[in-house]
Amino acid sequence: MIYRYNSPLGPLSYEWDGEVCRHVWLDIHGPENISNDNPVARWLDAYFNGSCTSLPALAEPATSFQATMRQGLLEIPAGEVRTYGELARLLHTSPRAMGQALGANPLPILIPCHRVIAADGLGGFACGVEWKKKLLKFERGF
DNA sequence: CCATTCATAGCCT
DNA sequence: AGGCTATGAATGG
């Protein structure tokens, strides 16, 4: 089931199948099903409140590399950022592959891919850099 | 200092 | 298999 969540930064959608969260979209994706009675909504409530709670159950990563990347991303504390190059060295891969893998990440925000920026600037964001800017500004505010 | 080029690794068709 | 990146470092003007 696809749900809608109205965050202070704008509307977003996510798919919760009762067991795990499968997708997150940073726009209005499907029909407008508002529900606060699932782990994803509760996590989002906490997140936009500035507090950290344990993540809801997430769908298994498609590849082992994505699993590694997810692990690496979760190491980044809120409000901090890493560059693609730093993460690439950390995960023993190349910066280019990082961008590719991050762009393929189906779970933005939950997996904090917005905390990864280019060495000399913001870098890109699959759902629009506006979201990335807003998220980083929001996290810096705390 | 700005523009262009290339190496690089994982993803998609 | 080939092309495509949400890069980064090196090179040339």
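No experiment lies behind these values; they were computed from the predicted model shown. Residue numbers start from 1 in every chain, and the chains themselves are labelled A, B, ... in the order their sequence lines are given, proteins ahead of strands.
- The side chain of A/Q100 approaches C/dT5 more closely than any other nucleotide in the set C/dT7, C/dA6, C/dT5.
- Salt bridge status for A/E139 with A/R115: present, with a side-chain N to carboxylate O gap under 4.0 Å.
- In this structure, CG of A/N105 is placed 15 Å from C1' of C/dT5, rounded to the nearest angstrom.
- Atom C1' of nucleotide C/dT7 and atom CE of A/M69 are separated by 15 Å, given to the nearest angstrom.
- A/L26 and A/F138 end up in the same hydrophobic cluster when Ile, Leu, Val, Met, Phe, Trp and Tyr side chains are linked at under 4.5 Å.
- When the side chains of ILVMFWY residues are joined at heavy-atom separations under 4.5 Å, either directly or via intervening members, A/L122 and A/L9 end up in a single hydrophobic cluster.
- From the 5' end on, the contacts that DNA chain B makes with chain A at under 4.0 Å to a non-hydrogen atom open and close at B/dA7 to B/dC11.
- Counting only distance, with no hydrogens or angles, the side chain of A/N36 and the backbone of A/A41 share no donor-acceptor pair below 3.5 Å.
- Summarising the geometry, the separation between CG on A/D120 and P on C/dA6 is reported as 15 Å, rounded to the nearest angstrom.
- Linking ILVMFWY side-chain heavy atoms closer than 4.5 Å, directly or via other members, places A/V20 and A/Y5 in two distinct hydrophobic clusters.
- Heavy atoms of A/G103 sit under 4.0 angstrom from at least one base atom.
- At a threshold of 4.5 Å between side-chain heavy atoms, the hydrophobic network of Ile, Leu, Val, Met, Phe, Trp and Tyr places A/F65 and A/L90 in one connected group.
- Counting only distance, with no hydrogens or angles, the side chain of A/K132 and the backbone of A/F125 share no donor-acceptor pair below 3.5 Å.
- Under the 4.5 Å side-chain heavy-atom criterion for Ile, Leu, Val, Met, Phe, Trp and Tyr, A/W25 and A/V129 are members of distinct hydrophobic clusters.
- Between the A/S51 side chain and the A/A46 main chain, a donor and an acceptor come within less than 3.5 Å of each other.
- Place A/R96 and A/A101 on DNA chain B by their nearest nucleotides, and A/R96 ends up nearer the 5' end.
- As judged by a 4.0 angstrom heavy-atom cut-off over every strand, A/Y84 is placed among the base-contacting residues.
- Atom CZ in A/R89 sits roughly 10 Å away from atom C1' in C/dG8 (whole-Å rounding).
- Consecutive Watson-Crick or G-U pairs involving DNA chain C, each under 3.5 Å on both distances, make up stems of three or more pairs at B:1-7 with C:7-13, B:9-13 with C:1-5.
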